[in-house]
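Input: a single structure, listed below in structure tokens.
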Amino acid sequence: MAHIVVLGAGLGGVPMALEARKELRKEDRITVVSDSATFHFTPSNPWVAVDWRKPEQIKVELAPMFKKKGIDFIHAAATKVVPQDNALELDNGERLTYDYLVIATGPQLAFDEIEGLGPHGGFTESICHVDHAADSNTRWQDFVKNPGPIVVGAVQGASCFGPAYEFAMILETDLRKRKIRDKVPMTFVTSEPYIGHLGLDGVGDTKGLLESEMRNRHIKWITSARVTKVEDGVMHVEEVAEDGSVKKTHELPFGYSMMLPAFRGIDAVRDVEGLVNPRGFILVDEYQRNPNWKNIFGIGVCVAIPPVGNYPVPVGVPKTGFMIESMVVATARNLRADFDGKPAENLATWNAVCLADFGDGGVAFVAMPQIPPRNVNWSADGGWVHMAKGAFESYFLGKIKRGVGEPFYEKAVFDMLGIHKVKAKT
């Protein structure tokens with residue numbers, strides 16, 4: 001019998017535990033450790049922030065669901081990963097030992113790296129966590145009573161740009177529904193070298209689609225932007241040229257702002273030599289294993305992935321959605337191979353499938369693989385994306401409530417479309 005500990009219970013950790021329960025032996029023990037008692041569907045956070053969803057609608061209580069699946073659950077935060085002892089130290093004083101550890105914590109939000117950024121002591125909102133989104137909604141309800149300029153975007157070093165585009169468009173849609181759009185100038189500020197880059201050097205014609213969407217909605221934009229400081233009601237931004245020089249400075253007034261921060265690894269892993277890179281992200285090989293601690297795996301946003309290019313303003317690579325699910329399946333199968341005395345051979349495809357909702361439409365794209373050059377490089381827009389995002393929310397939350405990782409029919413549909421989560425090494 002082996003004891004597998006999954007650290008984290010978000011979009012990576014919960015599917016990881018469920019997939020491990022399916023793939024591993026009956027006698028193997030699986031324990032999930034999380035600082036949250038609930039799973040929440042992060043892609044719905046922009047809707048929570050404008051009161052289109054209530055927080056409880058996108059949450060699932062973890063302990064009852066895991067109990068039904070024969071998975072242990074500890075509601076506690078990890079304070080330190082100790083690889084040499086195969087142990088986790090928890091904030092409840094417990095020391096938990098493991099045979100295998102899968103780190104799926106997601107990131108720490110680095111608001112403190114820019115003065116005045118973020119919801120805790122800063123002047124900008126966040127949709128990175130459901131609690132942040134709920135607080136943002138409180139501010140939004142105040143804002144619409146006394147509207148003014150809006151600034152939305154992603155700062156230097158950010159690696160997840162889709163939610164920023166989604167939120168800007170959703171705010172714009174909500175303002176039109178309230179008949180006050182004419183009172184609100186909007187500016188999109190991003191570290192990307194061009195609109196629609198998304199940390200992926202674009203997918204299909206995301207540049208053209210998103211630029212067109214922003215023109216149609218009268219949203220101005222600043223690219224290659226470096227936020228230097230945020231004050232109450234004013235954002236200070238440097239627009240950077242290709243040679244790294246400052247081309248222009250901007251002082252952007254705002255009555256409401258949401259800026260996605262840069263990410264880094266959580267405190268429990270950040271200084272563990274051989275486990276993480278300088279930003280605290282988990283180092284993994286092609287099989288999702290840490291090269292120095294072979295019984296430690298990493299999946300999701302917490303893993304280290306190099307950027308797709310070198311830009312004057314740092315631009316990270318997204319590690320979300322279908323890409324995480326591909327890491328989950330590969331990790332579960334490689335764990336089983338190790339238990340069976342076989343070599344690891346399952347590689348995550350890192351394909352990207354995204355539905356970006358704009359409140360009354362949206363953009364969808366498929367990148368196979370996520371990092372160019374690609375075999376599939378497709379994007380499209382339309383009102384169907386908004387409906388599809390809502391349907392996917394219901395479907396995914398239903399899976400989590402039932403404790404199901406990947407139903408056979410889901411795999412069959414993706415296989416039919418030629419979109420696979422795992423491939424064998426050639």
Asp174 and Trp140: side-chain donor and acceptor closer than 3.5 Å?
yes
Would you find more than 12 non-hydrogen atoms of other residues, nucleotides or ligands less than 6.0 Å from Lys177 atom NZ?
yes
How long is the straight-line distance from NZ of Lys319 back to CD1 of Ile324, given to the nearest 0.5 Å?
9.5 Å
Closest approach of Met65 to Ile400 (non-hydrogen atoms, all atoms of both residues):
CG-O, 3.2 Å
Salt bridge or not between Arg139 and Asp142? Use side-chain N to carboxylate O under 4.0 Å.
no
So, the side chain of Thr97 versus the backbone of Ala87: is there a donor-acceptor pair under 3.5 Å, distance only?
no
Note, Ile127 side chain near Val48 side chain (heavy atom, < 4.5 Å):
no
What do you reckon, are the aromatic ring centroids of Phe123 and Phe254 less than 6.0 Å apart?
no
Test log, rule side-chain contact (heavy atoms from CB on, under 4.5 Å), inputs Val376 and Arg374:
CA-CA 5 Å; Val376 176; Arg374 303 183 178 111; 5.9 Å; no
Please evaluate residues Lys421 and Glu410 with respect to the criterion salt bridge (Lys or Arg N to Asp or Glu O under 4.0 Å), reporting the C-alpha separation (whole Å), side-chain torsions for both, the decisive distance (0.1 Å), and the verdict.
CA-CA 11 Å; Lys421 294 180 180 177; Glu410 177 184 313; 3.2 Å; yes
Side chain to side chain donor-acceptor pair (under 3.5 Å) between Thr173 and Arg217: does it pass, once the steps are laid out?
CA-CA 9 Å; Thr173 299; Arg217 294 172 183 261; 3.0 Å; yes
Nearest-0.5 Å distance that lies between atom CG in Asp338 and atom NZ in Lys294:
10.5 Å
Give the intermediate values and the outcome of side-chain contact (heavy atoms from CB on, under 4.5 Å) for residues Arg333 and Glu23.
CA-CA 7 Å; Arg333 294 183 183 179; Glu23 289 284 343; 3.8 Å; yes
Run the side-chain contact (heavy atoms from CB on, under 4.5 Å) test on Ile103 and Ile266 for me, step by step, so that the C-alpha distance in whole Å, both residues' side-chain angles and the decisive distance to 0.1 Å come before the verdict.
CA-CA 11 Å; Ile103 300 175; Ile266 66 168; 6.0 Å; no
With under 30° as parallel and over 60° as perpendicular, where do the rings of Tyr194 and His197 fit, or are they tilted in between?
perpendicular
Would you mind reporting whether His386 and Asp360 have side-chain heavy atoms less than 4.5 Å apart?
no
Hey, is Asp51 close enough to Lys54 for a salt bridge, meaning N to O under 4.0 Å?
yes
Side chains of His250 and Glu239: any donor to acceptor distance under 3.5 Å?
yes
Quick one: SG on Cys354 to CZ on Phe322, what's the gap to the nearest 0.5 Å?
13.0 Å
Beyond-backbone contact of Leu200 with Val317, side-chain heavy atoms, under 4.5 angstrom
yes
Applying the side chain to side chain contact (heavy atoms under 4.5 Å, CB included) test to His132, which of Leu109, Asn137, Asn45 qualifies?
Leu109
Can Arg53 and Glu393 be said to form a salt bridge (Lys or Arg N to Asp or Glu O under 4.0 Å), step by step?
CA-CA 11 Å; Arg53 293 289 189 280; Glu393 174 199 54; 3.0 Å; yes
Does the distance from a Lys or Arg side-chain N to an Asp or Glu carboxylate O, for Lys389 and Glu166, drop under 4.0 Å?
yes
Val144 and Ile180: which non-hydrogen atoms are nearest, and at how many Å?
O-CD1, 3.8 Å
Give a yes or no on whether Lys22 atom NZ has more than 12 heavy-atom contacts from other residues, nucleotides or ligands under 6.0 Å away.
yes
Nearest non-hydrogen partners of Pro193 and Ser224, listed with the distance
CA-OG, 3.6 Å
Taking all non-hydrogen atoms of both residues, which atom of Val240 and which atom of Pro312 are closest, and how far apart?
CG1-CB, 3.8 Å
CG of Asn216: more than 12 outside heavy atoms within 6.0 angstrom?
yes
Between Thr206 and Val203 (side chain of the first, backbone of the second, donor and acceptor by atom type, cut-off under 3.5 Å), is there such a pair?
yes
For Gln108 and Asp267, which I'm curious about, is there any donor-acceptor pair between the side chains at under 3.5 Å?
yes
Take Phe281 and Phe263, measure what ring pair (Phe, Tyr, Trp, His ring centres under 6.0 Å) needs, and give me the verdict at the end.
CA-CA 9 Å; Phe281 292 118; Phe263 294 162; 7.6 Å; no
Side chains of Asp99 and Asn86 only: does a donor on one sit below 3.5 Å from an acceptor on the other?
no
Taking atom types as modelled, is there a side-chain donor on His3 or Thr31 under 3.5 Å from an acceptor on the other?
yes
If you define the side chain from C-beta out and look only at heavy atoms, does anything of Leu18 sit under 4.5 Å from Arg21?
no
Side chains of Thr190 and Met259, heavy atoms from C-beta outward: is any pair under 4.5 Å?
no
Drop me the distance from Arg289's CZ to Phe297's CZ, to the nearest 0.5 angstrom.
6.0 Å
With the side chain counted from C-beta on, respond yes when Glu61 and Phe39 share a heavy-atom pair under 4.5 Å apart, and no when they do not.
no
Check: Trp221 and Met214 side chains under 4.5 Å, non-hydrogen atoms
yes
Nearest 0.5 Å, what's the CD-CG distance between Glu325 and Leu11?
8.5 Å
Please check this pair: side chain of Thr331 against backbone of Met327, looking for a donor-acceptor N/O pair closer than 3.5 Å.
yes
Glu192 side chain to Tyr311 side chain, donor-acceptor N/O pair below 3.5 angstrom
no
Closest approach of Gly202 and Asn377, non-hydrogen atoms and distance?
O-OD1, 4.3 Å
One pair to check against side-chain contact (heavy atoms from CB on, under 4.5 Å): Val152 and Ile150. What are the steps and the verdict?
CA-CA 7 Å; Val152 173; Ile150 286 177; 3.6 Å; yes
So, Arg176 side chain and Lys179 main chain: donor-acceptor pair closer than 3.5 Å or not?
no
Are there over 12 heavy-atom neighbours, none belonging to Gln84, within less than 6.0 Å of that residue's CD?
yes
Lys229 vs Glu115, salt bridge (Lys or Arg N to Asp or Glu O under 4.0 Å): CA-CA, chis, key distance, verdict:
CA-CA 5 Å; Lys229 182 173 65 171; Glu115 182 184 348; 5.2 Å; no
Looking at side-chain heavy atoms only, is the closest gap between Tyr100 and Ile296 below 4.5 Å?
no
So, Glu56 and Lys59, do they make that salt bridge, N to O below 4.0 Å?
no
Carefully, step by step, assess Asp85 and Arg95 under the rule salt bridge (Lys or Arg N to Asp or Glu O under 4.0 Å).
CA-CA 10 Å; Asp85 295 341; Arg95 185 178 173 90; 2.6 Å; yes
Roughly how far, to the nearest 0.5 Å, is the CE atom of Met258 from the CD1 atom of Ile170?
10.0 Å
Closest heavy-atom pair and its distance - Phe161, Ser191:
CE2-OG, 3.5 Å
salt_bridge(Glu238, Arg226) N-O dist < 4.0 Å
yes
